[in-house]
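Just the heavy atoms: all of them, side chains too, but no hydrogens, waters or symmetry mates, feed the values below. Note on naming: letters A, B, ... go to the chains in the order of the sequence lines (proteins, then strands), and numbering restarts at 1 for each one.
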Amino acid sequence: MAHFPDARLLFDPEAHAMKELPRAFFLQATASVARHLLGAWLARRFEGNWYGARIVETEAYLGVRDRAAHSWNGRRTARVEPMFRAGGHLYVYFVYGMHHCANVVTRREGCPEAVLLRAAEGPEGTPPKLLSGPGKLCAALGISSAFSGVDLLGKGDVRIFSNGRAPRHTKAGPRIGIDYAGEAREWPLRFYDADSPAVSRRSGA
DNA sequence: CACATGATCGCCT
DNA sequence: GGCGATCATGTGG
């Protein structure tokens, strides 16, 4: 249960001329945020150093009207509470008794939508599949439920940076692992960088 | 390549 | 009490 980041993900946001994505970005429509998070860097500060990875796969979860979302039908429990906060907060949950999944909350306060971060690429030279899946992504960056609810903006230890570069080829398709969600299971709310080797379940391209 | 399974436990009914 | 926004490993073709 490492709660610390993989040393191979060490990087320097300033050296790469990165800027934090502003609050306004996260207040936009959730599917748009999911699409445009591709290419941004999820970063974690640990003992004074930054560790990060480039986001290459995301999924949008559309709140009360989306059967696949934890906040479906207005469900509001302690676990899901972070989803009701303003865009730019983090929502982390624990599944299958062993994995954590990280989400970026979107839209205004009281509108419980979010973007699941499914896969990322570490800095040059890191193993291609180190963060190829939501559970692996959290494990590699040391993100656990202890971070659920924190603000990504401001002075926290988890932030999202961007150098303004988007993937050459962004593709969309149905979300993974939500066969129980009725017609929502077909909604094309999964976005990924078609050129990335880190994308999970590559077959469906 | 396509399933199938086990691990393991918080969450919600 | 049942199941999940997963993953690694194993089997068979």
Side-chain angles (χ1 to χ4, degrees), chain A residues 1-3 5-6 9 26 30-35 37-38 42 53 55-85 87 89-107 111-122 126-149 152 158 160 171-193 196-205:
Chain A
M1 304 306 162
H3 60 290
D6 188 302
L9 299 181
F26 301 102
T30 304
S32 181
V33 174
R35 174 180 289 271
L37 269 176
L38 298 180
L42 173 65
I55 299 165
V56 298
E57 181 182 352
T58 61
E59 283 178 358
Y61 283 84
L62 306 186
V64 301
R65 62 205 148 113
D66 180 0
R67 229 179 169 97
H70 290 165
S71 53
W72 174 68
N73 204 26
R75 198 154 129 260
R76 184 166 191 166
T77 61
R79 178 180 68 150
V80 193
E81 193 61 31
M83 285 187 75
F84 287 79
R85 301 190 61 110
H89 284 79
L90 194 64
Y91 166 48
V92 183
Y93 65 88
F94 184 64
V95 272
Y96 299 118
M98 60 189 80
H99 298 296
H100 293 278
C101 294
N103 299 253
V104 173
V105 175
T106 59
R107 308 204 58 193
C111 188
E113 305 192 12
V115 173
L116 171 66
L117 304 179
R118 283 197 60 90
E121 291 175 0
T126 49
K129 300 198 299 180
L130 184 64
L131 308 98
S132 63
K136 295 167 76 176
L137 184 156
C138 282
L141 281 166
I143 294 176
S144 70
S145 351
F147 289 96
S148 195
L152 293 166
V158 181
I160 293 187
K171 292 199 175 188
R175 293 170 292 180
I176 304 295
I178 53 151
D179 288 351
Y180 58 84
E183 55 184 59
R185 67 189 250 158
E186 297 166 19
W187 297 351
L189 295 176
R190 177 186 181 221
F191 302 93
Y192 57 96
D193 177 347
S196 174
V199 171
S200 66
R201 308 205 193 184
R202 315 220 79 244
S203 53

4.5 Å side-chain heavy-atom contact, Leu152(A) and Val105(A): no
Say whether, by atom type as modelled, one donor and one acceptor occur between the side chain of Thr106(A) and the main chain of Thr30(A) under 3.5 angstrom. no
Whole angstroms only, please: what is the CZ-P distance between Arg76(A) and dC12(B)? 13 Å
Looking at Val33(A), Leu37(A), Asp193(A), which one forms a side-chain contact (heavy atoms from CB on, under 4.5 Å) with Thr58(A)? Leu37(A)
Nucleotide range of DNA chain C lying under 4.0 Å from chain A heavy atoms: dG4(C) to dA8(C)
Between Ser71(A) and Pro112(A) the two heavy atoms that sit nearest each other are OG-O, 2.8 Å
With the side chain counted from C-beta on, respond yes when Leu42(A) and Ile143(A) share a heavy-atom pair under 4.5 Å apart, and no when they do not. yes
Any side-chain heavy atom of His100(A) sitting closer than 4.5 Å to one from Ser148(A)? no
In numerical order, the residues of residues 172-183 of chain A whose heavy atoms come under 4.0 Å of DNA chain B are none
Expected output: side-chain Arg67(A) to main-chain Trp72(A) donor-acceptor under 3.5 Å: no
Could you summarise the pairing of DNA chain C as dot-bracket text, marking Watson-Crick and G-U pairs under 3.5 Å with ( ) or [ ] inside the strand and | across strands? ||||.|||||||.
If you look at every strand shown and take non-hydrogen atoms under 4.0 Å, does Ser145(A) touch a base, only sugar-phosphate, or nothing? nothing
Could you check if a side-chain atom of Pro82(A) sits within less than 4.5 angstrom of a side-chain atom of His89(A), using non-hydrogen atoms only? no
Taking C-beta and beyond as the side chain, do Asn73(A) and Val64(A) meet within less than 4.5 Å on heavy atoms? no
Give every donor-acceptor pair under 3.5 Å between a side-chain atom in residues 176-189 of chain A and any protein atom, sequence neighbours left out.
| residue | atom | partner | partner atom | Å |
| --- | --- | --- | --- | --- |
| Arg185(A) | NH1 | Asp179(A) | O | 3.1 |

Can you name the residues that form a salt bridge (charged side-chain N to carboxylate O under 4.0 Å, His left out) with Arg75(A), not counting sequence neighbours? none
Sort me out a list of protein N/O and nucleotides 6-10 of chain B N/O pairs below 3.5 Å, or just none if empty.
| residue | atom | partner | partner atom | Å |
| --- | --- | --- | --- | --- |
| dT8(B) | O2 | Tyr96(A) | O | 2.6 |

For a side-chain hydrogen bond (donor to acceptor under 3.5 Å, both in side chains) with His70(A), tell me which candidate from Tyr91(A), Tyr61(A), Tyr93(A) qualifies. Tyr91(A)
Do Arg175(A) and Asp66(A) make a side-chain contact, defined as non-hydrogen atoms from C-beta onward lying under 4.5 Å apart? yes
